[in-house]
Engineer: 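My questions all concern the structure below.
Excluded from the calculations below are hydrogen atoms, water molecules and symmetry mates; all remaining heavy atoms, backbone and side chain alike, are included. This structure is a prediction, so every number in the text was calculated from the model and none was measured.
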Amino acid sequence: MSTLLIGHWDYDGRTLTITESHEVEDGDQATMDALTGPAFVQGAGWACEFDVDRHCDAVQRAYEEYAHDDGSAIEDDVEHVEPVTY
């Protein structure tokens, strides 16, 4: 299983807000398309599948891969996980 995170970057690109989280079969593109399509219509602009089973691990990976290097932040509106920001 993988975790699909869906969200959006704020207007200045400094905060990635996670608005949805779904468990999906690894690489199940049809399911991911079915989940991201409506989310994008409603304003989401970012989605990523992470090969981890837990939401908190996916949020940590999102921070490490998309936010850490440029000093951006992650705001998790799903489970309110705060990534380790070493």
Side-chain angles (χ1 to χ4, degrees):
M1 295 298 282
S2 293
T3 302
L4 173 67
L5 298 180
I6 300 172
H8 59 86
W9 286 96
D10 67 355
Y11 68 94
D12 64 357
R14 302 301 294 166
T15 302
L16 173 60
T17 302
I18 306 299
T19 57
E20 296 183 40
S21 178
H22 304 277
E23 280 192 9
V24 296
E25 292 292 327
D26 293 343
D28 184 350
Q29 193 62 49
T31 296
M32 289 186 281
D33 290 346
L35 293 166
T36 57
F40 284 178
V41 168
Q42 295 177 357
W46 178 90
C48 190
E49 173 193 15
F50 295 96
D51 188 21
V52 295
D53 294 335
R54 298 181 323 160
H55 173 82
C56 62
D57 294 334
V59 170
Q60 185 64 41
R61 290 266 312 272
Y63 173 74
E64 292 169 1
E65 296 177 23
Y66 292 93
H68 177 262
D69 287 344
D70 66 3
S72 296
I74 298 276
E75 182 175 303
D76 176 23
D77 287 354
V78 177
E79 293 184 13
H80 307 287
V81 171
E82 293 194 26
V84 176
T85 60
Y86 45 99

Engineer: Of all the heavy-atom pairs spanning P38 and A34, show the shortest one and how long it is.
Structural biologist: CD-O, 3.0 Å
Engineer: Side-chain contact test, heavy atoms from C-beta onward, threshold under 4.5 Å: evaluate it for D10 versus E75 and give yes or no.
Structural biologist: no
Engineer: State whether the side chain of D26 and the backbone N or O of S2 hold a donor-acceptor pair below 3.5 Å, judged by distance alone.
Structural biologist: yes
Engineer: Please, which pairs that meet side chain to side chain donor-acceptor pair (under 3.5 Å) have at least one residue in residues 31-41, sequence neighbours excluded?
Structural biologist: D28-T31, Q29-D33
Engineer: If you look at every heavy atom in G13 and S72, which pair is closest and at what distance?
Structural biologist: O-OG, 3.4 Å
Engineer: Looking only at heavy atoms, which two atoms of E20 and A39 are closest? And how far apart?
Structural biologist: OE2-CB, 3.4 Å
Engineer: If you count the non-hydrogen atoms of other residues, nucleotides and ligands that lie under 6.0 Å from CD in E82, is the total more than 12?
Structural biologist: no
Engineer: Give, for atom CG of D51 and atom CE of M1, the distance between the pair rounded to the nearest 0.5 Å.
Structural biologist: 11.0 Å
Engineer: Hey, could you give me the CG/SG distance between D76 and C56, rounded to the nearest 0.5 Å?
Structural biologist: 9.5 Å
Engineer: If you link I, L, V, M, F, W and Y whenever their side-chain heavy atoms are under 4.5 Å apart, who else ends up in the same group as Y63?
Structural biologist: L5, W9, L16, I18, W46, F50, V52, V59, Y66, I74, V78, V81
Engineer: Identify the two heavy atoms, one from G45 and one from H8, that lie closest to each other, and give their separation to 0.1 Å.
Structural biologist: N-CB, 4.0 Å
Engineer: Got a sec: does the CZ of R54 have more than 12 other heavy atoms crowding it under 6.0 Å?
Structural biologist: no
Engineer: Which heavy atom of E49 sits nearest a heavy atom of L4, and at what distance?
Structural biologist: N-CD1, 4.0 Å
Engineer: How many angstroms lie between CG in D77 and OG in S21, if you round to the nearest 0.5 Å?
Structural biologist: 12.0 Å
Engineer: Which distance, rounded to the nearest 0.5 Å, do you find between the NE2 of H68 and the CZ of R61?
Structural biologist: 15.0 Å
